[in-house]
Chemist: 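Below are the structure tokens for one structure; questions will follow.
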Amino acid sequence: MISHSIYLHYLSALLDGNKVACHEIVKTLVESGIDARELYLDLIQKSMYRIGQLWEKSKASVATEHIATKITESMLDLVYPRILDVQKNGKTSIITCVDKEFHELGARIISDYLELKGWNSFFLGANTPRTDLIEFINEKNPDLVGISNNLYMNVARSYKLIAEIRELFPDLRIIVGGQALSFDNIMKLDEESGIKYIASFDDLDNYLKGFNSITPA
């Protein structure tokens, strides 16, 4: 369990841009055998949400938020060796950001989490061109595609992309996430078959239960 004091220590180091301190905290937690889900949820996600709130209140600069994001990305690399030891379940996912979306941290965490669940997950990162994504889906034939959208200006672009994927790959399951998807937008997505808005790890865990388990290769 990650104590409140550890969280505050990590958050303080993150706000200070102290990569060494952040590294020591996460390294110690990983070596202690902490559950990766808990690390993602109670330390990494929680601290970045807090920094986002501080930015919204003009108590943290854009530079501070960008540095915190870059440090956090490097912290995810400390967890990655654990992913390599996970037995694969035969399922494949593609996780990406919609074109013109440059906030990729949340999508990266989801991709890594799927890997920890035994999936083979391809993370395409920020600002993935629509045509390249379509081509990659056709090449890899995944069981699931995840699309991240945090900027409100990209919502229409997300719907256009989803519509094209649905037309070309009607049986492909799609998950979407990101702060730009308001309640009204979520309602529209829920009307589309095979599309699910994911707001939390609990949502994702429950959603993954819908996939039939197969014998690992």
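We count residues from 1, following the sequence as given.
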Chemist: Would a distance-only check, ignoring hydrogens and angles, find a side-chain to backbone donor-acceptor pair under 3.5 Å from S12 to L8?
Modeler: no
Chemist: Under 4.5 Å between side-chain heavy atoms, counting indirect links through other Ile/Leu/Val/Met/Phe/Trp/Tyr residues: same cluster for L161 and F102 or not?
Modeler: no
Chemist: Looking at every heavy atom in both Y207 and I175, which two are closest together, and how far apart are they?
Modeler: CE2-CG2, 3.4 Å
Chemist: I need the L14 CG to L43 CG distance, nearest 0.5 Å.
Modeler: 8.5 Å
Chemist: So, the side chain of K88 versus the backbone of G118: is there a donor-acceptor pair under 3.5 Å, distance only?
Modeler: no
Chemist: Quick one: are V86 and E115 in side-chain contact, heavy atoms under 4.5 Å?
Modeler: no
Chemist: Could you tell me whether K19 atom NZ has more than 12 heavy atoms of other residues or ligands within 6.0 Å of it?
Modeler: no
Chemist: Measure the acute angle between the ring planes of F201 and Y40, then classify it against the limits of 30° and 60° as parallel, tilted or perpendicular.
Modeler: parallel
Chemist: So, for V62 and W55, which heavy atoms are closest and what is the spacing to 0.1 Å?
Modeler: CG2-NE1, 3.3 Å
Chemist: So which atom in D42 and which in Y7 form the shortest heavy-atom distance, rounded to 0.1 Å?
Modeler: O-CD1, 4.2 Å
Chemist: Considering only heavy atoms from C-beta outward, does the side chain of W119 approach that of L208 to under 4.5 Å?
Modeler: yes
Chemist: What I'd like to find out is whether the side chain of I134 reaches to under 4.5 Å of the side chain of F169, using heavy atoms alone.
Modeler: yes
Chemist: Considering residues, nucleotides and ligands other than E167, do more than 12 of their heavy atoms fall under 6.0 Å from its CD?
Modeler: no
Chemist: Which distance, rounded to the nearest 0.5 Å, do you find between the CG of L15 and the CD1 of I67?
Modeler: 10.5 Å
Chemist: Which distance, rounded to the nearest 0.5 Å, do you find between the CD1 of I51 and the OG1 of T64?
Modeler: 8.0 Å
Chemist: When you measure from the side chain of N149 to the backbone of V98, do you find a donor-acceptor pair of N or O atoms at a distance under 3.5 Å?
Modeler: no
Chemist: Between I6 and T28, is a side-chain contact (heavy atoms from CB on, under 4.5 Å) present by the stated rule, with each step listed?
Modeler: CA-CA 11 Å; I6 291 176; T28 298; over 6 Å; no
Chemist: Less than 4.5 Å apart, side chain to side chain, heavy atoms only: is that true for N138 and L168?
Modeler: no
Chemist: Using the side-chain contact (heavy atoms from CB on, under 4.5 Å) rule, pick out the option among I83, D112, L39, V26 that qualifies with L76.
Modeler: D112
Chemist: Going by an N to O cut-off under 4.0 Å, is there a salt bridge joining E73 and K70?
Modeler: yes
Chemist: Would you say the side-chain atoms of S32 pair up with the backbone N or O of L29, donor to acceptor, closer than 3.5 Å?
Modeler: yes
Chemist: Within the distance-only criterion (no hydrogens, no angle test), does the side chain of N206 pair as donor or acceptor with the backbone N or O of D202 below 3.5 angstrom?
Modeler: yes
Chemist: Okay, side chain of R166, backbone of D171: is any donor-acceptor separation there less than 3.5 Å?
Modeler: no
Chemist: Under 3.5 Å, is there a donor on one side chain and an acceptor on the other for E65 and T69?
Modeler: yes
Chemist: Are there over 12 heavy-atom neighbours, none belonging to Q53, within less than 6.0 Å of that residue's CD?
Modeler: yes
Chemist: Of the non-hydrogen atoms in I95 and A107, which two are nearest, and what is the gap between them?
Modeler: CG2-O, 3.5 Å
Chemist: Hey, what do you get for OG (S121) to CZ (R108), rounding to the nearest 0.5 Å?
Modeler: 10.5 Å
Chemist: Nearest 0.5 Å please: distance from the CD1 atom of I109 over to the CZ atom of F123.
Modeler: 9.5 Å
Chemist: Is there side-chain contact between M75 and L78, with heavy atoms separated by less than 4.5 Å?
Modeler: yes
Chemist: Distance-only, no hydrogens or angles: does the N127 side chain make a donor-acceptor pair with backbone N or O of D99 under 3.5 Å?
Modeler: no
Chemist: Give a yes or no on whether Y159 and M153 share a hydrophobic cluster (residues Ile, Leu, Val, Met, Phe, Trp, Tyr; joining criterion: side-chain heavy atoms under 4.5 Å apart).
Modeler: no
Chemist: Between E101 and L151 (side chain of the first, backbone of the second, donor and acceptor by atom type, cut-off under 3.5 Å), is there such a pair?
Modeler: yes
Chemist: Specify the closest pair of heavy atoms between P142 and I94, including all atoms of both residues, with the distance to one decimal.
Modeler: CG-CD1, 3.7 Å
Chemist: How many angstroms lie between atom CG of D205 and atom CZ of R37, to the nearest 0.5 angstrom?
Modeler: 4.5 Å
Chemist: Can you see which heavy atom on I2 is nearest to which on E38, and at what distance?
Modeler: N-OE2, 2.7 Å
